[in-house]
Amino acid sequence: MLELRNRLAESIVDFLKENGIDPEREEIIAQFKKPDNIKFGDIAFPVFRYAKDFKLPPVNIGKMIKDYFESNPLHEIEKIEVVGGYVNFHVSPEWMFESLVQRVKERGDDFFKTDILKGKTIIVEFSSPNIAKPFSIGHLRSTVIGNFLRNLFKALGANVIGINHVGDWGTQFGKLIIAYKLWGDEKEFKKDPVKHMFSLYVRFHKEAEKDPSLEDKAREAFARLESGEELERELWKKFRKHSLKEFEKTYKRLNVEFDQVIGESFYSGKIESVVNLLEQKGLLEVSENALVVKLDDYNMPPCLIKKSDGSTLYATRDIAAAIYRKERFNFDKMLYVVGSEQRLHFRQFFKVLEISGFEWARNLEHIEFGLYRFKDGKMSTRKGKVIFLEDVLDESVDRIRKIMKEKNPDLKEKEREEIAEVLGVGAIIFNDLKNDRIKDVHFSWEEVLNLDGDSGPYIAYSYVRCNGILRNAREVEEGFVPNFTHNSEVLLVKKLFEFSEIIDIAYRNRKSHFIANYLLELTRSFTTFYHNCRVIGENKEVSSFRKTLVKLTLITLKSGAELLGMRLPDRM
RNA sequence: GCACCUGUAGCUCAGCAGGAUAGAGCACAGGAUUCCUAAUCCUGGUGUCGCAGGUUCGAAUCCUGCCAGGUGCACCA
């Protein structure tokens, strides 16, 4: 469609030039619009703004453009209509179908992939849970959004490095160490390490309200950890090991992989060189006994580099990590998938890098997203007010399992289990990715687990039907000659054709909801087609053509779901 | 207090490099199954696009101000 727009724009530029107007092609392309209603065609060009130049009503100009195209016709265009001030181009569905088929013949299942990012190295830092805390539904967002971006950039040909920047360093570990020393229970820990650590963490904050000296003790404990004291180090290793093992299970369920899992602790040895560098550049100042970089000139509060007790902070480690990664991977872009509440933090350390002379700092992006919130406010790990992701996934799988028993009782137990897992987890992933990530998600079990309408299972169901048809229509040969006999076929082909453009939009905005919504629309187009057009039992030409439409729908649904990181079952 | 984000149908949300009567899902009512899985499809919308100005041939979309909710603003991450 992009190429077609280019060609249309070129013709319009020629036409306008003949009439003494000299616009850029890009300018024309920007004016193209996708009509709200399909009856107005596929590409619309509004001509209102030229009324003054031509000293004619828009309709007349539209007619002139139409005439121009009719004397220089494009085979991709089936029909041109002038309505009001618009020139509406109706793209030939036959041409769309043939282009799609051609593409699939050439590229197979990779038909939607491109190489626009070939040769580029892109780092996506995502998930990054705190290993002192359990994996809550709050961590789901960074995980699935990051995974989506990793998939997307890969599909566009980039060399992508997905990094799980595990939160395994910081004062929180001081807290955990103190709490473990005071109230830790070896037996409880062995039984369920993560839950036990969580209860210690919550208890720490509760007790610290009564006894604020605990906070100081925690900071001291972290300082000892950072300076390499044996006892603290051992405890830390123990906490870390068990947490990572636990997280691994969750990642497996979510079908998420990382190219690198490096904790913040990894950078603790690289802090001094950062401090020295900032010192050299004359950016470092002592303020209230701490080391800071002042950012007054950029309308930001100072960025804290070292606490007054000499231990490091989040920002320091992020700066060290960025420099390290630039040296190691020489990335073209680095994206941080982290909640929007940390926006200031990112602006600050991006700026510190920039004024330190690292020009590549402008290739850093904070991919922010809204947080999960309850009716009565924010989730808080500290207060123990948190929903565990595992519980959400289990509940979702449970619900699916029940529905499956009802709808398809003939499935074997083992197969049903596998499919319920795929559908249940997929439903949660889809639910998270279907809305603009910038918005907060109001958590309610009802909504997260809602399986009606705009949901993962809805898409999966269409996919399953496609598979069913292909299984039952083995005898039918695929047909590559367009043979439209019903309007729903035309609408389906047009929807299928949109896919590449949607990928482009999702890429430019780094947002998954464009793809999620597209998949819902495609599914709707398909089910309408499904209800109106049978594949099996029609004459040869019709059956063959329709079989190919089903095949195209199948691979498009699969590809879109793959980008989102959602698996689809062959039956359900 | 300052900065940023959000505000669209009863609810959850699309649409916002300006463009045609502002669209989905849920909920509610009715209908469709001799036929590729009815987890489906079809029919039914009188919405102050938070409010008020401005720019424009044209504003949900851009600008300004205000209101509401959220987030952040030095030793947490």
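What you see is a predicted model; the values in this text were computed from it and never measured. We name chains A, B, ... by the order of the sequence lines, and we start the count at 1 in each one.
Taking A:R317 as the reference, A:E264 meet the salt bridge (charged side-chain N to carboxylate O under 4.0 Å, His left out) condition, with sequence neighbours excluded. Taking A:D410 as the reference, A:N408 meet the side-chain contact (heavy atoms from CB on, under 4.5 Å) condition, with sequence neighbours excluded. Under the side-chain contact (heavy atoms from CB on, under 4.5 Å) criterion, A:D570 pairs with A:Y463, A:N467, not counting sequence neighbours. Listed by chain and number, the residues in a salt bridge (charged side-chain N to carboxylate O under 4.0 Å, His left out) with A:R474 amount to none (sequence neighbours excluded). For A:K79, the side-chain contact (heavy atoms from CB on, under 4.5 Å) criterion is met by A:E81, A:H90, not counting sequence neighbours. Among residues two or more places apart in sequence or in another chain, the salt bridge (charged side-chain N to carboxylate O under 4.0 Å, His left out) test is passed with A:D53 by none.
Between A:I469 atom CD1 and B:U40 atom C1' there is a gap of 12 Å when expressed in whole angstrom units. One atom, CZ of A:R49, and another, C1' of B:A59, lie 14 Å apart when rounded to the nearest Å. Nucleotide B:G15 holds its P atom 4 Å from the NE2 atom of A:H513, rounded to whole Å. A straight line from CD of A:Q348 to P of B:C4 spans 15 Å, rounded to a whole angstrom.
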Pairs under 3.5 angstrom only: tabulate donor-acceptor contacts from the side chains of residues 283-306 of chain A to other protein residues two or more places apart or in another chain.
from, atom 1, to, atom 2, distance (Å)
A:E285, OE1, A:K294, NZ, 3.3
A:K306, NZ, A:E272, OE2, 2.8

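With no hydrogens or angles considered, no side-chain donor-acceptor pair links A:Y201 and A:N130 at under 3.5 Å.
Within the nucleic acid shown, A:A51 has no heavy atom closer than 4.0 Å to any nucleic acid atom. Within the nucleic acid shown, A:R534 comes within 4.0 Å of at least one base atom, counting heavy atoms only. Base engagement by A:M572 is indicated by at least one non-hydrogen atom pair under 4.0 Å involving a base atom. A:R437 comes within 4.0 angstrom of no nucleic acid atom, judged by non-hydrogen atoms across all strands. Residue contacts for A:G468: at a heavy-atom cut-off of 4.0 Å it reaches the sugar-phosphate backbone alone, with no base atom in range.
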Once base and sugar-phosphate atoms are separated, protein heavy atoms under 4.0 Å mark nucleotides 20-32 of chain B, 5' to 3', with B, S and - as BB--SSS------
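Within the 4.0 Å cut-off from OP1 or OP2 of B:A38, at least one side-chain nitrogen or oxygen of A:Y530 is found. At least one side-chain nitrogen or oxygen of A:T171 sits closer than 4.0 Å to the OP1 or OP2 atom of B:C76.
Base orientation of B:A74: anti, the glycosidic angle falling outside 90° of 0.
When base pairs are accepted only as Watson-Crick or G-U wobble with both N-N or N-O distances under 3.5 Å, RNA chain B takes part in stems of 3 or more pairs at B:1-7 with B:67-73, B:10-13 with B:23-26, B:28-32 with B:40-44, B:50-54 with B:62-66.
Cation-pi geometry between A:R465 and A:Y530 is met: under 6.0 angstrom from the ring centre, within 45 degrees of the axis. Cation-pi geometry between A:K511 and A:Y507 is not met: the NZ or CZ atom fails to fall both under 6.0 Å from the ring centre and inside 45° of the normal.
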Decide yes or no on side-chain contact (heavy atoms from CB on, under 4.5 Å) for A:V87 and A:I80, but give the supporting numbers first. CA-CA 7 Å; A:V87 182; A:I80 298 174; 3.6 Å; yes
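Taking a 4.0 Å limit (strictly below) on heavy-atom distances, residues 402-412 of chain A reaches RNA chain B at A:I403, A:M404, A:K407. Within residues 421-434 of chain A, no residue approaches RNA chain B, by heavy-atom distance under 4.0 Å. Within residues 540-554 of chain A, no residue approaches RNA chain B, by heavy-atom distance under 4.0 Å.
If you find the closest nucleotide of RNA chain B to A:A473 and to A:P301, the one lying nearer the 5' end belongs to A:A473.
Salt-bridge check for A:D309 with A:R219: failed, with every basic side-chain N at 4.0 Å or more from each acidic carboxylate O.
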